[in-house]
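What follows is a single structure, written as structure tokens, with notes after it.
In this text the structure is predicted, and so the values were computed from the model without any measurement. Each chain gets a letter, A, B and so on, in the order its sequence line appears, and its residues count up from 1.
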Amino acid sequence: MGLRIYNTLTRQKELFEPLIPGQVRMYVCGITAYDLSHIGHARSALVFDVIRRYLEVKRYEVRFIRNFTDVDDKIIKRAEQEGASAGEISERFIAEYQKDMENLGVLPATVEPNATEYIPQMITLIERLVARDFAYVVDGDLYFEVRRFPRYGRLSGKNLEELLAGARVEVDERKRDPHDFALWKSAKPGEPSWESPWGPGRPGWHIECSAMSMEHLGESFDIHGGGEDLIFPHHDCEIAQSEAATEKPFVRYWIHNGFVTINQEKMSKSLGNFFTVREIFEKSPYKVPVTAEALRYFLLGTHYRHPLDFSDEALWEAKRALDRFYGLFQRLDEATAPQGQADALLPAVLERVREAFHQAMDDDFNTPVAIAELQVLRADVNKLLEAGLSKEACESAREELGSFGRVLGLLQLSFREWVSQIIPVGSGALGLTGARPRVLPDAEIDKKVARRIEARRQKDFAKADEIRAELAAFGVTIEDRPDGTSRWKR
RNA sequence: GGCGGCGUAGCCAAGUGGCUAAGGCAGAGGUCUGCAAAACCUUUAUUCCCGGGUUCGAGUCCCGGCGCCGCCUCCA
């Protein structure tokens, strides 16, 4: 049984076979660094993070490149607005992005190149296109001539005639075809520029990804990914210029993630309907690891190719679902059945889930099903725990859940970490109606819980209930054990 | 206008020809408990937007509607 991946190029799921057995070379289009990242960017990063992790679980050696576009019209514009240089702007937002990704638990890529560090490679690539007569100059700008590349538009399923019918293309009379795209733009006053055979200027957007991917992965590689809005024109242009230059197939598997929407509409800068990753963390009543995990669980709960509607309510629903896993972890930590009456049943339960989990992930990275299998495992382990699991069995169950979780970047915290992660009173918490509960230090809670245990021992239930209500006001919930002791959580 | 996608329970979301339509959240009843909480058990879609068709058999394939969304311009 092998991994099957939906390939945008062929519009079907295909058995994954890397060019070099045992190795995977993948490139994902990263961000243009001119502003804070929103949840849509987070989704893309997370999806490819999980794909990368799963490929590694499948024992592939993965070489994973995720780039930054650090020169571009929007960066230049922002730099003008702020009286800074384009380099300062891109540097700043690359750092902000790295911080968001770290908070989200997105693993660093093997190489995270900045476009401006690859100008010579871009120039070399463009020279090859010029030599092969795929490029022409107009007023110092260099264009790729799409008519010379008959397969242009194949990835997006478009052809030039149909594209022309769409009246949205602003026709530049100087170009031979409206869809010819810039490989090199001549410098305008005040703009960042580099020397080139065509005069000082800067690269077009598409050429950077071709140059960086080829530099790090070779002229043909396995996986190229990005958001589905990049299919056209960006990825079609990449294919055209790369294959025109090399005469080799550029990429074997094209993977595109669906959008995050707000009220069913694409989340985007231009519509202004976006949440930044930063504000999710800032407004969350929980500390970073817990918020990150809730966001991850939420984002992976929908298949990566489908649209996903974001709402704070849905986010906290994910948090509640995770609470149940961590509740199980708490009980597994306690492991109160030395005789382990149900131990013998555990291996079969684990084996079944192992199988189902991998089957789900092998089917085009079906994380919703994979998560559902973890939920089934959670329920199964709960049942066995009730029947009696030894300390060793509890540990192996916990370990197994952790190792499945690791693939998705979930379930890596301890119960204590999960549950002690409320942030003290702040401004209105995102999505939490009413006042945020004040936070009581653990020691205070332990003291009150001890007093309550004593009250219960003396059958002073009025007092016990009073203490419980008091704690509830601080967002602390009590669970009494059969042996008269109590555990708490918030 | 061209190309593509989606429409499954109160909500979210898998399933793309065949056992009883996964799983989560929310709800109801029960076991447990001093009462709770948590957990567990039971329960919540005779039915998958609508209408035809193919098939022994269809959310699943085909045709025609309706609704929503995306790409065709920068965009994860």
Q: Grab the OH-P distance between A/Tyr297 and B/rG24 for me, whole Å please.
A: 8 Å

Q. Parallel, tilted or perpendicular: which fits the ring planes of A/Phe357 and A/Phe404, with parallel below 30° and perpendicular above 60°?
A. tilted

Q: Look at the side-chain N and O atoms of A/Lys266 and state whether any lies under 4.0 Å from the OP1 or OP2 oxygen of B/rC71.
A: yes

Q | Main-chain N/O of A/Asn263 paired to A/Asp309 side chain as donor or acceptor, under 3.5 Å | A | yes

Q) For the residue pair A/Arg176 and A/Glu145, what are the closest heavy atoms and their distance? A) NH1-OE1, 3.0 Å

Q) Does B/rC68 have a Watson-Crick or wobble mate here (both distances under 3.5 Å), and if so which one? A) B/rG5

Q: For nucleotides 29-43 of chain B, just jot down a letter per nucleotide in 5' to 3' order: B, S or -, based on protein non-hydrogen atoms under 4.0 Å.
A: -----BBBBSSSS--

Q) Which one is paired to B/rC56, where only Watson-Crick or G-U wobble pairs with both distances under 3.5 angstrom count? A) B/rG18

Q | Euclidean distance for P, B/rA14 against B/rG64 (whole angstrom) | A | 27 Å

Q: Report which part of the nucleic acid A/Val260 touches: base, sugar-phosphate, or nothing (heavy-atom distance under 4.0 Å, all strands).
A: base

Q | Syn/anti label of B/rG59 as read from its glycosidic torsion, with the cut at 90° from 0 | A | syn

(Q) Taking only the P atom of each, what is the distance from B/rG7 to B/rC48 in whole angstrom? (A) 14 Å

Q.
Need one value for A/Arg320: base, sugar-phosphate or nothing, where a base atom within 4.0 Å counts as base even if backbone is also close, heavy atoms only.
A. sugar-phosphate

**Q.** Strand partner of B/rA28, provided both Watson-Crick or wobble distances fall under 3.5 Å
**A.** B/rU42

Q) Checking all strands, does A/Ala321 fall into the base, sugar-phosphate, or nothing category for heavy-atom contacts under 4.0 angstrom? A) sugar-phosphate

Q: Measure the distance from CG on A/Asp35 to C1' on B/rA76 and round it to the nearest whole Å.
A: 14 Å

Q) Between A/Leu300 (CG) and B/rA14 (P), how many Å, whole number? A) 12 Å

Q: Describe the nucleic acid contact of A/Gly225 in one word from base, sugar-phosphate, nothing, applying a heavy-atom distance below 4.0 Å.
A: nothing

Q. On the ring face of A/Tyr6, is A/Arg305 found with NZ or CZ under 6.0 Å from the centre and within 45° of the axis?
A. yes

Q. C1' atom, B/rC62 versus B/rU54: distance in rounded Å?
A. 7 Å

Q.
Taking only the C1' atom of each, what is the distance from B/rC50 to B/rC40 in whole angstrom?
A. 42 Å

Q: Just compare B/rC71, B/rG24, B/rG23 and give me whichever is closest to any side-chain atom of A/Phe232.
A: B/rC71

Q | Which residue lies more 5' along RNA chain B, comparing A/Lys13 with A/Gly226 via nearest heavy atoms | A | A/Lys13

Q.
Distance check, C1' atoms only: B/rU44 and B/rG27, in whole angstrom units.
A. 8 Å

Q: Quote, to the nearest angstrom, the C1' distance that separates B/rC61 from B/rC69.
A: 24 Å

Q) Where is the tightest heavy-atom contact between A/Ala115 and A/Met122, given as atom of each residue plus distance? A) O-CE, 3.1 Å

Q. Hey, is NZ on A/Lys77 packed in by over 12 heavy atoms from elsewhere, all under 6.0 Å?
A. no

Q. Among B/rC68, B/rA22, B/rA76, which nucleotide sits nearest the side chain of A/Leu230?
A. B/rA76

(Q) To check you understand the geometry: which heavy-atom pair defines the closest contact between A/Asn114 and A/Asp70, and what is its length? (A) CB-OD2, 3.2 Å

Q. Whole-Å distance between B/rA26 C1' and A/Glu313 CD?
A. 9 Å

Q) On a plain distance test, is the side chain of A/Glu317 in donor-acceptor contact with the base of B/rG24 below 3.5 Å? A) yes

Q: Provide the distance between the two C1' atoms, one in B/rU8 and one in B/rC68, to the nearest whole Å.
A: 16 Å

(Q) Exactly one of A/Tyr286, A/Tyr326, A/Phe325 should register a ring pair (Phe, Tyr, Trp, His ring centres under 6.0 Å) with A/Trp418. Which one does? (A) A/Tyr326

(Q) Please check if the number of heavy atoms outside A/Asp483 that lie under 6.0 Å from its CG is greater than 12. (A) yes

Q) If the P atom of B/rA13 is compared with that of B/rG24, how far apart are they to the nearest Å? A) 16 Å

Q.
Under 4.0 Å, counting only non-hydrogen atoms across every strand here, what does A/Ser486 touch: a base, just sugar-phosphate, or nothing?
A. nothing

Q: Examine B/rG15: is either OP1 or OP2 under 4.0 Å from a nitrogen or oxygen in the side chain of A/Asn366? Give yes or no.
A: yes

Q.
Would A/Arg43 pass as a cation-pi partner of A/Tyr304, given that its NZ or CZ must be under 6.0 Å from the six-membered ring centre and within 45 degrees of the axis?
A. no

Q. Between A/Gly157 and A/Arg43, who's closer to the 5' end of RNA chain B by nearest nucleotide?
A. A/Gly157

Q | Length of the CG-P vector between A/Asp363 and B/rU16, whole Å | A | 7 Å

Q: Indicate, with a heavy-atom threshold strictly under 4.0 Å, whether A/Phe298 touches base, sugar-phosphate, or nothing.
A: nothing

Q | B/rC74 OP1/OP2 closer than 4.0 Å to side-chain N/O of A/His234 | A | no

Q. Taking the side chain of A/Glu265 as heavy atoms from C-beta outward, which of B/rA14, B/rA76, B/rG70 is closest to it?
A. B/rG70

